[in-house]
Amino acid sequence: MDRHDAAALAADMARLGARPYSEVGVPMFLVAEDLRGDLAVKDEGEPKLAAALRDMAVERPEPADTARLIEVLADRHILGADGPAFTRLSDEEVRR
Amino acid sequence: MSLASQIADSFAAAPPIRVVNYHNTPAYRADDYDRELAALAERYAPVTEDDLAAFFASGHWAGGRPGVIVALYNGYRNNHDVMRPLLERHGLVGWFFAVTGWTSCPPDDQRAFAARRTLALVPGEYADGRHALSWDELKSLDQGHVVASHTRNHARIAADDADGQQAEIVGAQDDFREHLGHPVRSFAWLLSGTWGHSAPTDACLERAGYEFLFSDFKLQRLPHARSSANEKII
């Protein structure tokens, strides 16, 4: 991750952390885990998402940052590669 | 390896489940929610618990479109009044994680209940004092949406407090049985506990008969879950 991407990550983490969580939508990606053992999620994984998260984890390895990193990942990607960041749909400072 | 790297490995092996979490949904933010749900509905399919079980069983989302879970936590009345019509306008399914003790609490006592249990209220929102979903609203949401358990009291219980865990996990399910006429299939703990973290907690989850466990980083289908996607746990 270059300096520009690292700064963008830090900015997104700060921006998301400042949102009023009790009243806003928070996108997340959850690991699907089947503990029955005889069943398994068979769809192929998503290597681009995995690579993006690994890059973030190298930049911000602290365990306390994990949830925020996945939140940034989901915010950037849940509406697709060509879509806007999810929270940009509602952030007041963007709409003004 | 960091936790984030472990999660990245999981995403590389299997697709993550898309979730958007909400808590309070006051009317003055309805336009925001409308935009968000519209954007999700353009890209994703609604998800019921049967859809989720089928995804785990088959490895594929039915219909070919990936699903998105719109989760509404804490059982706020404004989830019914504000979000439900928006969800239905956009053809999405809401997952309403209710706190059964709060729902059963008389309206005059709900503000105090919320203050003791980290449930944020919107000032001045409901003049009649009822801020929690009612049982009638939950029964109505139970048709077409998902009603799920978010404990009985939204209380933080120590891992070694067996009686407390019994009340919050199994007791909440007892409340659903009494008022909805059937158990619910999904549970979200307060402190992000996953299956395998605490044996007493796991025992309570199994005793209660929950099938899906939501936590910060995982959505687990529990080992005692039945195999048929269409089979209700009784």
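Small disclaimer: the values here were computed from a predicted structure and weren't measured. Letters A, B, ... are given to chains in the order of the sequence lines, protein chains preceding strands, and every chain is numbered from 1.
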_Shorter than 4.5 Å, heavy atoms on both sides: which option in B:T25, B:N78, B:L40, B:D31 has the most such pairs with chain A?_
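Maximum pair count with chain A is reached by B:L40.
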Counting only non-hydrogen atoms closer than 4.5 Å, does [X] touch chain A with its backbone (N, CA, C, O), its side chain (CB onward), both, or neither?
X: B:S2; value: side chain
X: B:A39; value: both
X: B:Y76; value: neither
X: B:Y73; value: neither
X: B:R43; value: side chain
X: B:D9; value: both
X: B:V70; value: neither

*Does A:R36 make a cation-pi contact with B:F56 (under 6.0 Å, within 45 degrees of the axis)?*
no
_Just by distance, no angles: are the side chains of B:E36 and A:S90 close enough, under 3.5 Å, to form a donor-acceptor pair?_
yes
*When you check the side-chain N and O atoms of B:Y22 and A:E23, is any donor under 3.5 Å from an acceptor?*
no
*asked:* Applying ring-ring contact (aromatic ring centres under 6.0 Å, His included), can you list everything that pairs with B:H145, at least two apart in sequence or on another chain?
replied: B:F96
Could you give the distance from [atom1] ([X]) to [atom2] ([Y]), rounded to the nearest 0.5 Å?
X: B:D32; Y: A:T87; atom1: CG; atom2: OG1; result: 11.0 Å
X: A:L35; Y: B:Q220; atom1: CG; atom2: CD; result: 5.0 Å
X: B:Y44; Y: A:L79; atom1: OH; atom2: CG; result: 6.5 Å
X: B:N21; Y: A:M28; atom1: CG; atom2: CE; result: 7.0 Å
X: A:F86; Y: B:R35; atom1: CZ; atom2: CZ; result: 10.5 Å

*Applying a criterion of heavy atom separation less than 4.5 Å, what residues of residues 64-74 of chain A form contacts with chain B?*
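Result: A:T66, A:A67, A:L69, A:I70, A:L73.
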_Counting only non-hydrogen atoms closer than 4.5 Å, does A:P63 touch chain B with its backbone (N, CA, C, O), its side chain (CB onward), both, or neither?_
neither
*Are any non-hydrogen side-chain atoms of A:L49 and B:P16 less than 4.5 angstrom apart?*
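Answer yes - side chains close enough.
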_Is it the case that the side chain of A:R54 and the backbone of B:S5 share a donor-acceptor pair, with hydrogens and angles ignored and the cut-off at 3.5 Å?_
no
